[in-house]
Amino acid sequence: MEKTYQPHAIEKSWYQNWEQQGHFAPSGEGDPYCIMIPPPNVTGSLHMGHGFNNTIMDTLIRYQRMKGHNTLWQPGCDHAGIATQMVVERQLAAQGINRLEMGREKFLEKVWEWKESSGGTITGQIRRLGSSVDWSRERFTMDEGLSEAVKEAFVRLHEDGLIYRGKRLVNWDPKLHTAISDLEVENVDEKGSLWHLRYPLADGATTADGQSYLIVATTRPETMLGDAAVAVHPDDPRYQDLIGKEIILPLVNRRIPIIADDYVEQEFGTGCVKITPAHDFNDYDVGKRHQLPLINVLDRDAAMLASAQIFNIDGTLNETMDASLVAAYAGLDRFVARKQIVADLDAQQLLEKIDDHGLKTPRGDRSGVVIEPWLTDQWYVKASTLAKPAIEAVEDGRIQFVPKQYENMYFSWMRDIQDWCISRQLWWGHRIPAWYDESGKVYVGRDEAEVRTKHNLGSEIALRQDDDVLDTWFSSGLWTFSTLGWPQQTDFLKTFHSTDVLVTGFDIIFFWVARMIMMTMHFVKNDDGTPQVPFKHVYVHGLVRDSLGHKMSKSKGNVLDPLDLIDGIELEDLVAKRTANMMQPKLAAKIEKQTRKEFPEGIASYGTDALRFTFCSLATTGRDIKFDMGRMEGYRNFCNKIWNAARYVLMNTEEQDCGQKGGDVELSLADRWIISRLQRTEQQIEKAFAEFRFDLAAQALFEFIWNEYCDWYLELSKPVLWDENASEAQLRGTRRTLVQVLETSLRLAHPMMPFITEEIWQRVAPLAGQDGQSIMMQAYPEANDARIDAVAEADIEWLKGVILGVRNIRGEMNISPAKHIPVLLQNGDDQDLRRLNENRPFLRKMTNLASISWLNTDEAAPLSATQLVGDMRVLVPMAGLIDKEAELARLTKELDKLSKEVGRVEGKLNNPKFVDKAPAEVVAKEQAKLDDATAAQAQLQSQFDKIAAL
RNA sequence: AGGACUAUAGCUCAGUUGGUUAGAGCGCUACCUUGACAUGGUAGAGGUCGGCAGUUCGAAUCUGCCUAGUCCUACCA
């Protein structure tokens, strides 16, 4: 083996090997265990979120696989409607090509080309993470099978009355020219203005204070062209007389009513609100209550509308306004029009004032532009009906969120769920299976033929399929069962559904998790007709942030690429990568500076195992994680520690008799101890995994391997292995323990660190009497209570106490580690003597002693530096080694600690309330503590006095 | 506005049902190339557990209030 751990030398080849051997596929034996990968965007690339997410899932899957389950980790990609279409549109735009000129069919060809050329990126990167997904079952949401499932789901929901087409206000993206769902709108805090406009009263009416106009306050002055009313609060004393009268809408010169509605807050602004039903969700509701005309261009023909919506598809003003205004405003962008309209009102003395005003601006999460409420026909899912069983499933624990806190978030959203707008005016996606005849009547069916048959439509009737596609999340909502072959009742569907765990970020609980639960429970039933949940657990993890806690984003230039952490990257390459294709080039200089400061040497290669172990360690209770390079470096060092421990073990066991072929075996105290500690570690890790506490599992493993196996056991094995007088049985015992504990530890670690464990296991396994192609197919270690050895543990604790005592004296007294020193043990009991006699060689070796002697109580000791192990004194004679003042200082420090302890415990025990009320065993424990501390105090004090008297 | 979460060593984080001398890694100090490992070893220093009150014999842990930060939902024209 190489002297130092070199991750890149081992990782790639092992992954290929596993995949080629078919180890990732379900074994077909054992209880099923299934995880569905949250499908990444097909044209996307790996980020830290994927790294974290995949680490958790792969750890679970490898663990369950080793525990003998029939595991399926189902991979696949999402077509990501808007995101992908935008990318391709941008590419075409760079070549001066417009999607609309190109036409739907040609454009879709381009998208498929792009999907083919870039679709392998993400899957290749997922392989680098070591993810043991079953690639033979890879699915894509636009695959034929999944598309069938989507169509089937749509038609059935429609048949069940749970999908309908409706005309209402939607969130309209004027840049992408599509409707989007509420969830795709981000409300951003922005600075804006509140314009106070004067609306003249009609018919010579005046306000209570004699004005001939009302003042309305608005953040959107340009929408005044579509105003249908002015509203005041019904109880507002200022305006009682005006309710029912009319306003002459400025510029437009249309008469609009003054209405009363308790939606208005009297305290805000002037208490007068302009009502624009076609451009504001609240105004829409007010308008409906008062039968106000909706003003919208698309419905110019609808009789219900007196006039039209003032915006075009792209947010420019349309020509439906009063003819006299067309020349002034039509065709202007909404924000240009705003300035113009405000200026024109000002010119007419109709602008009262402009106040600064903070507001939440609705912006499209993809396009970033201000979303416009717009009246159109769209398809909706009646979510409240589907939500009911979905809420119950979480309430009664059929689905459990980890951490449980997220259930509140789920409930609060689900209990007030709005209908879900699922149609998108895009081209890339599943086209809606609905057809229209020439009169606009709509028919839903699996295909045109079915529609014609079902509705008796002859070939003379022309049918046109709906142009729109479905929201990407509609197909994602079917993910757990569509990937298993639904609507066919496949064996896989029967075996692996419901799946076991969904691992995902909190940010898509609504987008995805909630909708999956609703869809799945509607479509997938048990034999007795009860609904199946998509998964039994939802493990919710936080966002991966940078070391300062900031969200990683390209524009901030703080993005870490998991592959750069695995492979390393030169500083210049990192700078180039972070500053490439900046939307705002001026940020590049800042990002470059910041990057050079944070990574002056670039990023070293840490390897996949270190990255994964870091993710596990940071995976605490569902909160965001600040990614800490220092911590990852520590875990890379941990890999190196394992590597070198293995080198030591192999060096001492290869081509040696490790007892695997039989022969007498004698286990030393250290052997029995490490085996015992191993059982406890196995217990801890099992518990941690059962509770999804990957951090605790990682910690238990780390502590066992480093602090117990390496720090103590390997050191304790040396005196045996290097003892010329050791018996064959003793040698076999130690070699066998070395190898077996290492081999077991590798299996314990494998789910978290697959590569290094496989590499080492291949060499260690035969020595431990194990065979098999791969560690990943071996059994996961299970604790054996019979091998927990409390006596051995206590004996080693004693041994460690003596060793640490001597080391402390050496360290504090600056005695060179090379110096052989004598040690005396005094005031010990029979147990101490037994332990000394059994462990003399260990003590000498571990602390580099010249001699170690036992003093009977009546024997005088030379003046010595002292440490206590229980009542026994560990003495290092001072002559020539230790100066008086140093030892007095050291003792003072010890005595200070003890007197604090005594004071504290005495205080407790002198408190009658404590003694009366606390449980007896707690009192006894405190008493024992006090006895120990006072005894120690006395011992050290007498020692102190002796030395001080010199 | 409502809700959730977070606050523990210089930094990143553990701390299980209230009972520890409050822990780990990194960083820091001193010493050490001893035959697995300097990506190492040994010994140390470092915390009134955000603040205030309360419950209790006993609070980092439970309750209330406050402060700071993060996030979610709804929304103020």
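We name chains A, B, ... by the order of the sequence lines, and we start the count at 1 in each one.
For B:rG19, the paired base is B:rC57 (Watson-Crick or G-U wobble, both distances below 3.5 Å). Summarising the base pairing, B:rA77 is matched to no nucleotide, lacking a Watson-Crick or G-U wobble pair whose two defining distances lie under 3.5 Å. Within the shown strands, B:rC11 is the pairing partner of B:rG25 under the Watson-Crick or G-U definition, both distances less than 3.5 Å. The nucleotide B:rC71 finds its pairing partner in B:rG3, both defining distances of the Watson-Crick or G-U wobble pair being shorter than 3.5 Å. In this structure, B:rU48 forms no base pair with any nucleotide, since neither Watson-Crick nor G-U wobble geometry is met with both distances under 3.5 Å.
Note on A:Leu696: only backbone sugar-phosphate atoms sit closer than 4.0 angstrom, heavy atoms only; bases stay farther off. Within the 4.0 angstrom heavy-atom criterion, no nucleotide atom of any strand lies near A:Trp643. A:Lys687 comes within contact range of at least one nucleobase, with a heavy-atom separation under 4.0 Å. Among the heavy atoms of the strands, none lies under 4.0 Å from A:Val915. Base engagement by A:Lys641 is indicated by at least one non-hydrogen atom pair under 4.0 Å involving a base atom. Residue-level contact check: A:Glu715 touches the bases, meaning some heavy atom is under 4.0 Å from a base atom. If you check every strand for non-hydrogen atoms under 4.0 Å, A:His357 touches sugar and phosphate atoms only. Residue A:Arg904 is classed as a sugar-phosphate contact, given heavy-atom separations below 4.0 Å to backbone atoms only. Using a 4.0 Å heavy-atom criterion, one finds that A:Lys360 contacts the bases of the nucleic acid, with or without backbone contacts as well. Across all strands, A:Thr218 comes closer than 4.0 Å only to sugar-phosphate atoms, never to a base (heavy-atom distances). As judged by a 4.0 angstrom heavy-atom cut-off over every strand, A:Tyr635 is placed among residues making no nucleic acid contact. At the heavy-atom level, A:Ile275 lies nowhere under 4.0 Å from the strands shown. When heavy atoms are screened at a 4.0 angstrom cut-off, A:Pro919 is found touching base atoms of the nucleic acid. Residue contacts for A:Gly271: at a heavy-atom cut-off of 4.0 Å it reaches a base atom on one of the strands shown.
Comparing B:rU33 with B:rU48, their P atoms are spaced 37 Å from each other, to the whole Å. Using atom C1' as the reference point in both B:rU61 and B:rA14, the two lie 14 Å apart (nearest Å). Only the P atoms considered, B:rU16 is 40 Å distant from B:rC37, to the nearest whole Å. Across B:rA22 and B:rG50, the matching P atoms stand 15 Å from one another, rounded to whole Å. For the C1' atoms, the distance linking B:rC72 with B:rG46 amounts to 38 Å, nearest Å. Going from the P atom of B:rG58 to that of B:rU20 covers 14 Å, rounded to whole Å. Across the P atoms, B:rA24 and B:rC66 are found 37 Å apart, a figure rounded to whole Å. With P as the reference atom, B:rU17 and B:rC5 are 16 Å apart, rounded to whole Å.
A:Glu926 and A:Lys908 are joined by a salt bridge, as a carboxylate oxygen and a charged side-chain nitrogen come within less than 4.0 angstrom of each other. The pair A:Lys360-A:Asp189 counts as a salt bridge, with a side-chain nitrogen and a carboxylate oxygen less than 4.0 angstrom apart. Ion pairing between a basic and an acidic side chain is recognised when a charged N comes within 4.0 Å of a carboxylate O; A:Arg198 and A:Glu352 show such pairing.
Heavy-atom distances to RNA chain B give each of A:Trp413 and A:Cys272 a nearest nucleotide, and the one nearer the 5′ end belongs to A:Trp413. Between A:Asn637 and A:Ser617, the residue whose closest nucleotide on RNA chain B is further toward the 5' end is A:Ser617.
Defined by atom type and a distance below 3.5 Å, a donor-acceptor pair is missing between the side-chain atoms of A:Asp182 and A:Gln418.
Under a 3.5 Å cut-off, the side chain of A:Asp227 and the backbone N or O of A:Lys274 do not form any donor-acceptor pair.
Residues A:Ile760 and A:Met1 form a side-chain contact, since some pair of their non-hydrogen atoms from C-beta on lies under 4.5 Å apart. Annotation: side chain of A:Tyr410 is not in contact with side chain of A:Val538 (no heavy-atom distance under 4.5 Å).
With a 6.0 Å radius and a threshold of 12 heavy atoms from other residues, nucleotides or ligands, A:Asp896 has its CG atom above the threshold.
Cation-pi geometry between A:Lys641 and A:Tyr709 is not satisfied (NZ or CZ under 6.0 Å from the ring centre, within 45° of the ring normal).
On the nucleic acid side, RNA chain B has its first and last nucleotide under 4.0 Å of a heavy atom of chain A at B:rA4 to B:rA77, going 5' to 3'.
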